[in-house]
Amino acid sequence: MREVQLQILYAEDKMTQSMTDSWQITVSKKRKQVLNNIPTEWILDSKTIARLKSDKTGLSHNIDQLCSLKENAITHSTLLELQEGIRNNSLSCFEVTSAFCHRAALIHQVVNCLSEIMFTEALEHSKILDQNKYEYSTLPPLYGIPISLKDQCNVEGVDTTLGYLSRAFKPKKKEDESLIVSFLRDLGAIIYVKTTVPPSMMATETTSNTFGYTYNSFNQHFSAGGSSGGEGSLIGCYGSVLGLGTDIGGSIRIPASYHGIFGFKPSTGKVPYLKVDNSWEGREIITSVIGPLARNIDDLRYFMSLIVNNCKPWIHDVKCMPYQFSSFEDSKLPDGLKVGIWYGDGVVNLPSGDMRALSKCKEIIQNNQKFNASIVRWEPPTDLCEEIFNLAMEADLADGGTEINNEFKMTGEPLLDILRPVVPNDSPKPYTVNEWWNLCKRVSDAKQKFRDFHNNLPVEVRPDVVICPSTLMPYRPGDMLETTLRYILFANLLNLPSLSFPADAMIVDDNHSMPDIINGPEDAMVQKMWNDLVLSGDIEGFPSGLQIISPLSDNDDLVLRFGSWLTKLLQES
């Protein structure tokens, strides 16, 4: 059965060459290793897999049919509901862990979202937690809760490949384990899977020679996004209640947007990155941050409060700083909050799906009678938006593709097209130290220009938070280069906290074409893709995701509290 599944995976990846090259042999071994960690009784036959793949928009419902009612009740619960069930003894740690392990195994066999499987260890851990439960006067806050991890997080005994074949079969030791993983263990959580990423994580599509392609579990017509694509696909189909991703260019928010879930990119220094493997380690000009993805906004806020308030990561990680999150139960907002709406940067027009979602948010806030919030139109200068985007792209090209090329050369595996934006064909030389310093200065100057723009706004129209576009639209496998990151990279370069949230479901009708005005080639590309998707009808019902950002760094708590408040209004509407 396992061999049949491997053959299907290879056919999908179009690996038509004979398995004689050493890199392909290593691929076969790695994929077998992953598959062999799934219990035999959870392995699906080829006919069932084909059926689940053919129903592009019904995977979650179809997986429900393969699980027991008790398992579905568990996996469709929130983290806080699971916590209460374990505390009042209506759920055991083993029941909860087994339900998520089973569902994750089934989802993976369809969309290919797992890079490491630790079911055996997780189930044994859950049994120990059940046995030791009554030794605690108060249970640790995540006691018995399974948490999924993006592949970057180091866990004792398993690989951290970052999608590179060169890093396979090099399991981490105890001393390598990421600080955030140690925190999770201290909080009582159970680690059961790590999830797929593209090589280097510098792509918004999740595929690799090592693991193959990760599909969108909400709608298999589309990409899962990246680079935390495996997390998005797993959580979007109820295979995890909460997982960790990283974000240096949208890698949390993009998969969250494509699966109708929540994803939070904190500002730097909130969640510890200590001993988390990464590409371009040491690059500080635009730093990668760790943040949670979840189906429930309160679960996400609760998690952030635990990691920051309980764990106090700044004591252990020199890159973290003291901070305080409010209780997830406290959604009180400052009176007279000013909410900005960003309708576009003047370079790439917004599709009608985003315009409809923004209008919906605006209407809900204006009609709310319980809280005094005002709406303002937010319009950062087009030339500044252009400069910020170009600087972010320049930073990604500064090493001329050296690190990524070297990783691929170690095994002879072919470079993937999705990495072409950061590995140019003409192989430019890496920046000299003086060129890098110059880039750092220009980035700092752009940040100052943005701060001056914000501070110079009249107080009555200076927003505390801003609702803005994010991914604009989904894309089909292979179409990553036809998308734009203009509204994503903005928050990364400026180090702004950002929450990706599902604002609406896309509705296709005669009024959903893009505007006729075209600002340039990139705008024309985006318009064509949107209009093609509308004509196909495949985006009907797809999540329309937006972002909530703060124009000021370190307003992470405010972004999450406002996100919680707005989400409740959206759900009630």
Side-chain angles (χ1 to χ4, degrees), residues 1-3 5-6 9 29-45 48-49 52 63-64 66-68 70-77 79 82 86 91-131 142-151 153-161 168-169 171-172 174 177-178 181 184-185 188-197 210-212 214 217 230-231 233-235 237-244:
M1 186 72 70
R2 299 179 194 275
E3 293 298 327
Q5 282 197 318
L6 287 170
L9 288 170
K29 290 179 179 178
K30 185 60 187 176
R31 295 189 185 186
K32 284 181 179 178
Q33 181 193 64
V34 174
L35 197 61
N36 286 338
N37 283 325
I38 299 177
T40 302
E41 62 270 23
W42 292 349
I43 294 291
L44 300 173
D45 60 68
T48 300
I49 292 175
L52 295 175
I63 294 290
D64 285 351
L66 299 175
C67 298
S68 69
K70 182 69 174 286
E71 286 178 321
N72 288 333
I74 290 171
T75 56
H76 287 64
S77 296
L79 185 154
L82 294 174
I86 290 172
L91 291 173
S92 70
C93 299
F94 180 81
E95 287 176 321
V96 172
T97 303
S98 180
F100 278 104
C101 288
H102 184 204
R103 192 174 185 95
L106 299 180
I107 296 167
H108 171 69
Q109 293 172 76
V110 182
V111 298
N112 194 35
C113 58
L114 305 181
S115 60
E116 302 293 334
I117 291 175
M118 297 162 275
F119 295 159
T120 300
E121 297 87 345
L123 291 169
E124 287 301 315
H125 187 193
S126 70
K127 291 177 182 177
I128 293 172
L129 291 183
D130 282 329
Q131 293 169 1
L142 295 181
Y143 199 85
I145 306 293
I147 300 293
S148 54
L149 304 173
K150 187 177 183 179
D151 184 75
C153 295
N154 290 334
V155 177
E156 180 185 8
V158 298
D159 291 342
T160 298
T161 66
F169 300 108
K172 298 296 182 177
K174 178 64 177 177
E177 204 159 79
S178 303
V181 175
L184 289 173
R185 295 193 194 281
I190 294 175
I191 308 302
Y192 68 118
V193 291
K194 296 214 295 179
T195 53
T196 51
V197 299
T210 307
F211 298 107
T214 298
S217 63
E231 278 299 319
S233 196
L234 181 68
I235 296 170
C237 203
Y238 297 87
S240 172
V241 70
L242 184 143
L244 291 184

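Here the structure is a predicted model, which is why all the values come from computation and not from measurement.
A pairwise comparison of heavy atoms in Ser233 and Thr214 identifies CB-CG2, 4.2 Å as the closest pair. Here the shortest heavy-atom pairing between Val155 and Lys172 reads O-CB, 3.6 Å. When all heavy atoms are compared, the tightest approach of Glu177 to Glu156 is OE2-N, 2.9 Å. The two residues Ala189 and Ile147 make their nearest non-hydrogen contact at CB-CG1, 3.8 Å. Across every non-hydrogen atom of Ala99 and Thr75, the tightest pair is O-CG2, 3.7 Å.
Remark: Tyr238 engages His76 in a ring-ring contact (aromatic ring centres under 6.0 Å, His included) (not counting sequence neighbours). In this structure, Phe94 has no ring-ring contact (aromatic ring centres under 6.0 Å, His included) partners at least two apart in sequence or on a different chain.
Using a 4.5 Å heavy-atom cutoff, the side chains of Cys237 and Val111 are not in contact. The side-chain heavy atoms of Arg185 and Ile191, taken from C-beta on, include a pair separated by under 4.5 Å. Residues Leu234 and Ser217 fail the side-chain proximity criterion, which asks for heavy atoms closer than 4.5 Å. Under the 4.5 Å side-chain criterion, counting only non-hydrogen atoms from C-beta, Leu44 is in contact with Leu52. Side-chain contact between Ile38 and His108 is present, with at least one heavy-atom pair separated by less than 4.5 Å. Between Val158 and Gln33 there is no side-chain heavy-atom pair separated by less than 4.5 Å. Side-chain contact between Cys113 and Ile107 is present, with at least one heavy-atom pair separated by less than 4.5 Å. Considering only heavy atoms from C-beta on, Val241 stays 4.5 Å or farther from Ser77 through its side chain.
Note that CG of Leu66 and NE2 of His102 are 7.0 Å apart. Values are rounded to the nearest 0.5 Å. With values rounded to the nearest 0.5 angstrom, Cys67 atom SG is found 5.5 Å from Asn72 atom CG. For the atom pair CD1 of Ile43 and CG of Leu106, the computed distance is 9.0 Å after rounding to the nearest 0.5 Å. To the nearest 0.5 Å, atom CD of residue Glu124 and atom CD1 of residue Ile128 are 6.5 Å apart. Put simply, CG on Asn37 and NZ on Lys32 are 14.0 Å apart, with the number rounded to the nearest 0.5 Å. Separation of atoms CD (Glu71) and CZ (Phe100) is listed at 10.5 Å; rounding is to 0.5 Å.
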Should Ser240 and Val193 be marked as a side-chain contact (heavy atoms from CB on, under 4.5 Å) after you check the CA-CA gap, both sets of side-chain angles, and the distance that decides it? CA-CA 9 Å; Ser240 172; Val193 291; 6.0 Å; no
Derivation and outcome, side chain to side chain donor-acceptor pair (under 3.5 Å), residues Ser148 and Thr195: CA-CA 7 Å; Ser148 54; Thr195 53; 6.0 Å; no
Could you please spell out the steps behind the side-chain contact (heavy atoms from CB on, under 4.5 Å) verdict for Leu91 and Lys70? CA-CA 10 Å; Leu91 291 173; Lys70 182 69 174 286; 3.6 Å; yes
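A donor-acceptor contact closer than 3.5 angstrom links the side chains of Thr160 and Lys194. Donor-acceptor pairing under 3.5 Å is lacking for the side chains of Thr161 and Thr210.
For residues 103-120, every residue pair satisfying the salt bridge (Lys or Arg N to Asp or Glu O under 4.0 Å) rule, not counting sequence neighbours, is listed here: Lys30-Glu116, Asp64-Arg103.
In this pair, Phe119 and Tyr192 present their aromatic rings parallel. The plane angle is below 30°, not in the 30 to 60° band.
None of Leu242, Ile190, Leu184, Leu79 except one satisfies the side-chain contact (heavy atoms from CB on, under 4.5 Å) rule with Ile145; the exception is Leu79.
With hydrogens and angles disregarded, no donor-acceptor distance shorter than 3.5 Å links the side chain of Ser178 to the backbone of Val181. With hydrogens and angles ignored, the 3.5 Å screen pairs no side-chain donor or acceptor of Thr196 with any backbone N or O of Leu114. Using modelled atom types, one side-chain atom of Asp159 and one backbone atom of Phe169 make a donor-acceptor pair closer than 3.5 Å.
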